[in-house]
Amino acid sequence: MITVDSAGADGTPLPRRIPRSSIRGRLTATLLGFGMVALATCALAPLVGTTPISLTRALDPAIPFEQNVDAQIFFVARLPRVLAGALVGSALAAAGVVFQAMLRNPLATPFTLGVSAGASLGAMLVIVFGGALTFGSFSTVPAASLAGAAAATAVVYWLATRHGHAISTSVLLLAGVTLNSFLSAIIMFVQYLADFAQVYRAARWIMGDLDIGGYDTLIASLPLVIAAFALFAWLPSSLNLLSVDKDAAAARGVDVPRAQRLAFFSASLATSAAVSLAGPIGFVGIVVPHLVRLLVGVDHRIVLPASALFGAAFLVACDLVARTILSPVEIPVGIVTAMIGGPFFLWLLVRKS
Amino acid sequence: MASRTQKLIALVAVALAVFFLGTPLAQSREGGAGPGRIVSLVPAITEMLFAIGAGPQVVAVSSYDEFPAEVKALPKVGALLDPDTERILALRPDLVVVYGSQSDLQTQLERAHLRTFSYRHGGIATTLGTIRDIGVATGHRKESSDLVSSLQARLDAVRDRVKGRTRPRVVLVFERQAGTLREVYASGGVGFLHEMLDVAGGTNVFADVARESVQPSIETLLARAPDVILEVRASGLIEKTGADDADAWSALSSVPAVKNRRVHLLRGDYLVVPGPRLAMATEAFARALHPETFK
Amino acid sequence: MFLIADRVSYTYNRRTGVEAVKALRDISVGIDRGSFTGVIGPNGCGKTTLLKLLAGVHTPDSGSISLDGRPLPTMSKRYVARRIAVVPQETHPAFEYTVLEMALMGRHPHLGPFQLEGPADLAIAGEALAATGTSHLAERSYMSLSGGEKQRVIIASALTQSPEVLLLDEPTASLDLGYQLEVGLLLRRLNRERSATMVMATHDLNLAASLCDTLVLMRNGRVLASGNTADVLTSAMVRQLYDVEADVRVHELAGHLTVVPLGRLS
């Protein structure tokens, strides 16, 4: 084994400097910090809204639920909304980090590879043709969009692995972008066949909507997101190595095809769950990772969990703005994230040049 | 350098051409005793045409026309977003009913020297005015006038019936994602749905919103706490699901409408088309809001 | 023989058939433990591919690679990475890692799946940076460095893997003369004092002559000759390899063979 004593080329000892940065410390501090931000945001958001409510009255067990408007606003309208925002925000932010590392491109988003287009097509088909059927009290739109997302994921994966186990990232990117265009064309065609109301509903769905009004869809999405995050946990170290160089990663012991598969499927799963719950909310998957990297550096072992936490806080905050700023009219949350995302990127560009 | 004879022949030829070609065009411009062939792209006006006796003159309708039954046999020529200009021209109509926003189509039709009638969407007064105008345009002035009077009378009758009764606070929902309370669309304080509700003795909880439609959040629905939830749907959708979709509202148990079981689901496209059946729709609203007045 | 390539062939894009390139044709190479082997040959001869196969990055289409008698596929990738490290020719990270972060990535095969670097790992990285003269760059962004600095950092990150075998692909390509000498001396020291087995692919015949005790000469995916540097590095071989007429002789002051190109053969 080669060990290096810090001697110079000619054998004379060099001053030894053991670097001070401890990742353990930084990771703990970051998780604590971002965790508190996320918790605070999620705890305060249900208290704020267009209608003033009193928390004591809402939590008063003496008042029967049917008569407690404050409690209903808190538990039926706001709390599910905040929880959905946290879930979707963290899923999209984390998926963004993973896709950016896997595709070795900081401009990749969770929607680059066509997953969200598949979800949109699924939702659209049901809105226009299926008459949005119900089974009991369960709407088919989320299920259809999940199916669409899964189909798109499968197609892209198949295209990218036709020649061997390893995913060629350039083929993956090409396949994803192509699928995106193709599906967008089909979506346009379906909209063309639809009547006016359906077109408006479809357009509205694409803008994103966290107002789920209940816990059913949230609970249905939870296992998917938990599964995705369980898979994410295995990735950060490999993502560091993969984003430097694929062959170097292999030479350092990373099972590259397996890591790529894991990254691709976990990120697609998280994106599918998020989009089927709340529609394709843009910019979260790219603004949050960039912001986090500005704050904590680029080591994925810190960036991935920090982005998940910050993503939750970010989307909950955006939704808060969306539902209060033009009260009583509500802006779709996707517009707020876009309004923040666009200028942010311009600023990044200007800063870099 | 043509000879004098040749010039004379050319002049006569041109005059004859103008005479033979120009005359039919001139004739169609006059209209005469009313257009013989009408194409209607607007379902509301199609209904009006049949109601005032101009039904036999209708030769084609839009893809979304369903009423009355006679239109099912007629050729379809597209609608707001996809009017089939070629087909319309091939039918040689004397009058084409178009949407006010279809400016390109109107220009094309005018270039072909065809008469157009432009539809404007509006409230009750606008609708009744449109019935009158289409009556004039199609030579059925008397029938349209009679129709307007009878509709007005029916509306007044509804107003009288509910006069003096407490006006419940109503949210008038015309769209939502089936089975859930997501993407609820309700009538704002403007438009014919709002006006019909007003005639039928209800107060729109969103009367303060100066738009035809509003998409309230669940919090807003809870906060506005309507006494009655009135859902209107064009037929087709609800029949397919079978289950009574109103269960979705039970999550908002603090809302008076839910507590007192005053959630009404009305089906039929007569409810959403601003045409001759709006009196029928208004009566349906009144029956839902003030059932005791219909005993 | 410690690290053996036994009749290996490798074709790029074999499965697609599109732009398939047969990089190695049935070659056999044996590396002795503790030796310093140079792999030389013109562009496209297969040097880089050979290094990648020896490190286990690619699996040969036919034949096998074995380390210490055991074929590579019988060992886990992490295990192989703890024993063999690669210094690639170019590295373009997608994100702005610091020099220290780049160096610490070499500890990956020594850490468990959820384990973070500890003080021992930091110490090893620190020493590797010091040995390549890049300690002062530890907190700098890798992408902001000069070509030579980058190369030394990459060598440092290979050293943090604490390997027994170091495979280097053109390690002195972007270095100025001074750093070329320094890195050369560092490599020789590692080879002699730590018994590190070195395999170096290079264009620089003089560097190879000064450092390597064994040479493997390749052209068009085949081995033309291999053996002791003194036996194999002749002007006849240079002619065969590069179509270049060169004078090859021992330089009095340098103490090793030198190659001076005289002219291109038409």
Side-chain angles (χ1 to χ4, degrees), chain A residues 1-11 13-24 26-27 100-106 108 162-166 168 171 233-234 236-256 293 297-301 303, chain C residues 13 15-16 52 55-57 76-82 84-86 88 91-98 100-102 104-106 108-109 111 113-114 116-119 122-131 133 135 138-139 159 161-164 166 181-183 185-186 189-190 194 196:
Chain A
M1 177 151 65
I2 307 177
T3 52
V4 193
D5 57 25
S6 44
D10 56 0
L14 287 175
R16 182 180 299 209
R17 264 174 46 176
I18 298 181
R20 211 155 299 272
S21 76
S22 152
I23 184 170
R24 232 162 257 173
R26 275 165 43 218
L27 183 59
Q100 283 162 14
M102 195 193 127
L103 294 172
R104 304 190 71 240
N105 189 332
R162 276 177 40 73
H163 303 293
H165 278 303
S168 155
V171 175
W234 295 86
S237 190
S238 306
L239 290 180
N240 280 341
L241 271 58
L242 277 175
S243 62
V244 169
D245 186 80
K246 238 170 53 173
D247 288 340
R252 284 177 177 145
V254 175
D255 185 342
V256 171
R293 282 195 200 105
V298 298
D299 189 335
H300 288 91
R301 294 172 296 183
V303 171
Chain C
N13 294 328
R15 282 175 76 154
T16 63
K52 286 193 175 157
V57 170
S76 80
K77 286 195 142 216
R78 279 191 122 96
Y79 177 76
V80 172
R82 286 198 287 271
I84 305 179
V86 178
T91 302
H92 302 290
F95 300 101
E96 297 207 12
Y97 294 101
T98 63
L100 181 58
E101 284 170 339
M102 297 287 286
L104 282 171
M105 288 195 204
H108 183 260
L111 299 171
F114 296 108
L116 301 171
E117 298 96 43
L122 280 170
I124 294 175
E127 284 160 357
L129 289 177
S135 290
E139 298 300 328
L159 293 177
Q161 263 175 272
S162 308
E164 295 162 51
L166 202 53
L181 280 174
E182 255 202 52
V183 168
L185 288 172
L186 169 66
R189 226 168 40 81
L190 291 171
R194 305 288 161 189

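Just so it is clear: chains get the letters A, B, ... in the order the sequence lines come, proteins before strands, and each one is counted from 1.
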Query raised in the report: Using a cut-off of under 4.5 Å for heavy-atom pairs, which of R252(A), R104(A), R301(A) has the most such pairs with chain C?
Result: R252(A)
Report task. For each of S243(A), P236(A), A101(A), A250(A), tally heavy-atom pairs with chain C at distances under 4.5 Å, and name the one with the top tally. Result -> S243(A)
Query - Check against side chain to side chain contact (heavy atoms under 4.5 Å, CB included), V57(C) and V256(A) - result: CA-CA 9 Å; V57(C) 170; V256(A) 171; over 6 Å; no
Report task. Evaluate side chain to side chain contact (heavy atoms under 4.5 Å, CB included) for V303(A) paired with F95(C), printing each intermediate quantity in order. Result -> CA-CA 12 Å; V303(A) 171; F95(C) 300 101; over 6 Å; no
Query raised in the report: Residues two or more places apart in sequence or in another chain: which of them pass side-chain hydrogen bond (donor to acceptor under 3.5 Å, both in side chains) with D247(A)?
Result: K52(C)
Report task. Apply side-chain contact (heavy atoms from CB on, under 4.5 Å) to T91(C) and list each qualifying residue two or more places apart in sequence or on a separate chain. Result -> V244(A), P88(C), P93(C), M102(C), Y142(C), I154(C)
Report task. Let me know if E117(C) has heavy atoms under 4.5 Å from chain A in its side chain, its backbone, both or neither. Result -> both
Requested in this report: Tell me, for F114(C) versus chain A, whether the close heavy atoms (under 4.5 Å) come from the side chain, the backbone, both or neither.
Outcome: side chain
Requested in this report: Decide side chain to side chain contact (heavy atoms under 4.5 Å, CB included) for S237(A) and L111(C); before the verdict, give the C-alpha distance in whole Å, the side-chain angles of both, and the deciding distance to 0.1 Å.
Outcome: CA-CA 10 Å; S237(A) 190; L111(C) 299 171; over 6 Å; no
Requested in this report: Select one option (side chain, backbone, both, neither) describing which atoms of L103(A) are under 4.5 Å from chain C's heavy atoms.
Outcome: neither
Report summary line: Under 4.5 Å to a heavy atom of chain C? For A233(A) that would be both
